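Keep in mind the model is a prediction, meaning the values are calculated, not measured. All ligand and atom numbering here is 1-based and tracks the order in the structure. Along the sequence shown, residues carry numbers from 1.
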Amino acid sequence: MLKVHNLKKSFGGVKAVDIDEIFFEQNQLTSIIGPNGAGKTTFFDLISGFTEGDKGKVFLNDKNITNSQPYRIAREGMVRTFQLTKVFDRMTVVENMMFSGSDLKNDSLFSSFMQLPAQKKKENLLRKKAFDIMKDLNIDHMADSYARELSGGQKKLLELGRSIINEPSILLLDEPLAGVNPKLAEEILSIIQKLSDSGITILMVEHNIEAVMKISDRVVVLAEGAVIADGSPENVRKDDKVIEAYLGSGNE
Ligand SMILES: Nc1ncnc2c1ncn2[C@@H]1O[C@H](COP(=O)(O)OP(=O)(O)O)[C@@H](O)[C@H]1O
Ligand SMILES: [Mg+2]
């Protein structure tokens with residue numbers, strides 16, 4: 001469903017991403033791992049339209065999305081989260097959710113005065129959807145709190161909620177467990193597993209190897225922008241190149 005061909009991006013002399021060819025299949029949960037600076041975030045930036053590549057093509061369901069705007073790519077069904085969350089601190093949790101779910105990206109949604117009945121109905125449906133998701137994520141009790149009042153982990157949950165409100169077919173998660181306490185990490189992991197079980201294709205960048213090995217169908221290892229290993233969690237764990245480049249560096 002996602003196809004990447006000859007994708008290159010350098011910053012100055014540094015090859016951040018240098019991928020010949022990679023495919024991602026529908027309904028799989030793939031983790032992308034690798035040392036810091038391996039190009040994982042840049043890879044996400046390139047395929048989700050946040051950075052322009054030097055070279056290469058990206059296809060989503062056979063549609064060429066190379067260098068498309070992020071909102072267009074999101075409309076095609078591919079949505080991402082960020083390593084540093086991008087929730088709006090000065091909106092409440094439910095407003096954050098509804099903003100992401102709204103197709104009117106302006107303030108008309110929140111100024112209820114002049115609303116036509118049809119708009120009002122749409123807003124109510126959206127609010128209900130937002131609450132359903134917040135309940136699943138266990139942040140519904142924070143609905144009317146400002147996002148800035150959330151803990152780091154709760155912000156990760158809110159960002160996850162915002163990313164799924166438009167029912168994406170493919171989700172890119174950049175370090176969804178980073179900086180989250182172990183209990184909440186466990187919770188987030190089981191939510192990701194559920195999303196995967198519900199049929200969403202997931203690409204996840206994550207440093208928590210334990211978590212990666214537990215839930216992934218496939219693990220792709222990047223080093224210096226290139227793929228150095230790609231396979232089942234068991235096979236990748238045993239791979240000498242991976243152990244040398246990554247797992248061996250005091251982690252295991
Ligand atoms: N905007 C940028 N400007 C300059 N260099 C960058 C930029 N973004 C990333 N890089 C460099 O590209 C490489 C890959 O970075 P990144 O994709 O963030 O790695 P990862 O997410 O795997 O830690 C690193 O060497 C990083 O310093
Ligand atoms: Mg990164």
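Shown here are the protein N/O/S atoms lying under 2.8 Å from the Mg ion (ligand 2), water excluded: T41 OG1, Q83 OE1.
Polar contact check, Q83 against ligand 1: no nitrogen or oxygen pair lies under 3.5 Å apart. Close N/O approach between A16 and ligand 1 is not found [any backbone or side-chain N/O within under 3.5 Å].
Heavy-atom proximity to atom 23 (O) of ligand 1, evaluated over G12, G13, G37, is greatest for G37.
When distances from atom 26 (C) of ligand 1 to the protein are checked, no heavy atom turns up under 4.0 Å.
Atom numbering of ligand 1 starts at 1 in the shown order; those under 4.0 Å from a heavy atom of T42 are 9 (C), 14 (C), 15 (O), 16 (P), 17 (O). Numbered from 1 in the order shown, with element, the atoms of ligand 1 that lie under 4.0 Å from a heavy atom of A38 read 19 (O), 20 (P), 22 (O). Annotation for ligand 1: atoms under 4.0 Å from non-hydrogen atoms of V14 are 25 (O).
Ligand 1 lies less than 4.0 angstrom from a heavy atom belonging to G39.
In this structure, I200 and P168 approach most closely via the heavy-atom pair CG1-O, 3.8 Å. Scanning all heavy atoms of the two residues, the minimum distance from D18 to K8 falls at OD1-NZ, 2.7 Å.
Looking only at heavy atoms of the protein, atom 18 (O) of ligand 1 is closest to T41 CB, 3.8 Å. For atom 3 (N) of ligand 1, the closest non-hydrogen atom of the protein is F11 CD2, 3.5 Å.
Formation of a donor-acceptor pair under 3.5 Å by the S48 side chain with backbone atoms of F44 is found in this model. The backbone N or O of F50 lies less than 3.5 Å from no partner atom in the side chain of D45, so there is not a single donor-acceptor pair. The main-chain N or O of T81 is never found under 3.5 Å from a side-chain atom of K86 such that the two would form a donor-acceptor pair.
Atom CD1 in I19 sits 8.5 Å away from atom CD1 in I47 (nearest 0.5 Å). Interatomic distance, CD1 of I188 versus CG of L173, reported as 10.0 Å (0.5 Å rounding). Between the CD atom in Q83 and the NZ atom in K40 there is a gap of 7.5 Å [rounded to 0.5 Å].
Relative to the six-membered ring of F82, R80 meets both conditions, a distance below 6.0 Å and an angle of at most 45° to the axis.
Ring-plane geometry between F43 and F24 is classed as tilted, the angle between the planes lying from 30 to 60 degrees on a 0 to 90 degree scale.
Every pair passing salt bridge (Lys or Arg N to Asp or Glu O under 4.0 Å) that includes a residue from residues 58-79 is listed here, sequence neighbours excluded: K63-E76.
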